[in-house]
Amino acid sequence: MDIPLEYWLHHALFYVLLCIIHYVNGQFVIRCHIKVNYTRKINHFAFFFLPVLLLSVIEYSYSAATFLMDIVFALIFLTLFIAPIRNRIKPVQIMFRSVDRPEDRPLTLTWLYTQFIASYLVLIPLLAYFESKDILPWIMIIILANGIGDGLAEPVGIRFGKRFYVTTALFTEKQYIRTYLGSTCVYLATLIAVLLFHHHFNNMQLIIAVITLPPLITLAEAFSPHTWDSPFIYGIGGLTLVGISLLG
């Protein structure tokens, strides 16, 4: 695989910073009793948007090879948190505390792994389709809907939400709480993402995207299993965009 040196430098810096962010957030959880629901979302935003910010410092050419390496690196990073490693390395144990919600135990890492794998299984064919139709920027709409909308849904809902509804989870009979205010964050983030990329649509496509994408992605997030929002947001949002592309 022909991967430029800039890619390795970019990702080395990214994962060093990501480890630092997880470690600091873990200390906040342990020492300051900050809710993991908040630190987990800080990590979420860092994972989504720190690579974009670093591109202004170290730029590299995107390719299929770099995309595959992104998946490998992310899986390696998650593997740091398995019990045999984190129980032997104190800094890793502290990092894990920043994502380990008490209500998710003992399935925290299982859900992180399976959501990550499912998300890429959905994204890969969508990326191939959008690239073949020369509408690759459309993928950013569902990525922003997930990165910003879902990222804000939990902390905003916990802090300000008054009305709640119940959702299920994989591999357990436990039920979990979501808020209508959190779901509103998903709706607004999706709407803003569509409008940001309006110049990539024709008029009819844009009208349909504005009408359909925000409510459908909001419902996808609302009815997805606990911690499994991403593949449902990508799947429902992606299929909706595929349908809209057929109108062009």
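The first residue in the sequence is number 1, and the count goes up from there.
Under the 4.5 angstrom side-chain criterion for Ile, Leu, Val, Met, Phe, Trp and Tyr, the cluster partners of Ile236 are Leu216. Residue Leu219 is found in a hydrophobic cluster whose other members, listed by chain and number, are Phe223; membership requires side-chain heavy atoms under 4.5 Å apart, directly or through intermediates. Grouping Ile, Leu, Val, Met, Phe, Trp and Tyr by side-chain contacts under 4.5 Å, direct or through others, puts Ile177 with Phe164, Val166. Through direct or relayed side-chain contacts under 4.5 Å between Ile, Leu, Val, Met, Phe, Trp and Tyr, Ile34 connects to Val16, Ile20, Val24, Phe28, Tyr38, Ile158.
Residues Thr108 and Arg40 meet the side-chain proximity criterion, which asks for heavy atoms closer than 4.5 Å. Put simply, the side chain of Phe232 reaches to within 4.5 Å of the side chain of Pro225, judged on heavy atoms. Side-chain contact check for Leu17 versus Leu54: some heavy-atom pair is nearer than 4.5 Å.
No side-chain donor-acceptor contact under 3.5 Å links Asp100 to the backbone of Phe96. A side-chain donor-acceptor contact under 3.5 Å links Arg178 to the backbone of Ala222. A distance-only check finds a donor-acceptor pair linking the side chain of Thr114 to the backbone of Thr110 [under 3.5 Å].
Heavy atoms from other residues, nucleotides or ligands lying under 6.0 Å from CG of Asp134 number 12 at most. In Arg105, the CZ atom is crowded: over 12 heavy atoms of neighbouring residues, nucleotides or ligands sit closer than 6.0 Å.
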Give the table of side-chain donor-acceptor pairs shorter than 3.5 Å for residues 185-192, with sequence neighbours excluded, one pair per line with atom names and distance.
| unit_1 | atom_1 | unit_2 | atom_2 | d |
| --- | --- | --- | --- | --- |
| Thr190 | OG1 | Val186 | O | 2.8 |

I'd like a table of donor-acceptor pairs (distance under 3.5 Å, sequence neighbours excluded) in which one partner is a side-chain atom from residues 169-176, with atom names and distances.
| unit_1 | atom_1 | unit_2 | atom_2 | d |
| --- | --- | --- | --- | --- |
| Thr172 | OG1 | Lys174 | N | 3.1 |
| Lys174 | NZ | Glu103 | O | 2.8 |
| Tyr176 | OH | Glu103 | O | 2.9 |

Identify each donor-acceptor pair in which a side-chain atom of residues 67-91 lies under 3.5 Å from a protein atom, sequence neighbours left out, and give them as a table.
| unit_1 | atom_1 | unit_2 | atom_2 | d |
| --- | --- | --- | --- | --- |
| Asp70 | OD1 | Tyr7 | OH | 2.8 |
| Asp70 | OD1 | His11 | NE2 | 2.7 |
| Thr79 | OG1 | Leu75 | O | 2.7 |
| Thr79 | OG1 | Tyr113 | OH | 2.4 |
| Arg86 | NH1 | Phe81 | O | 2.4 |
| Asn87 | ND2 | Ala83 | O | 3.1 |
| Arg88 | NH1 | Pro84 | O | 2.8 |

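Under the rule for a side chain to side chain donor-acceptor pair (under 3.5 Å), the partners of Ser230 that lie at least two apart in sequence or sit in another chain are Gln115, Asn146. Residues passing the side chain to side chain donor-acceptor pair (under 3.5 Å) test with Thr240: none are found, sequence neighbours excluded. With sequence neighbours excluded, no residue forms a side chain to side chain donor-acceptor pair (under 3.5 Å) with Glu6. By the ring pair (Phe, Tyr, Trp, His ring centres under 6.0 Å) test, Tyr180 is found to be paired with Tyr165, residues two or more places apart in sequence or in another chain being considered.
Residue pairs meeting the ring-ring contact (aromatic ring centres under 6.0 Å, His included) criterion with at least one member in residues 121-147, sequence neighbours excluded, are Trp138-Phe201.
The existence of a salt bridge linking Glu154 and Arg159 is excluded, since no basic side-chain nitrogen approaches an acidic carboxylate oxygen closer than 4.0 Å.
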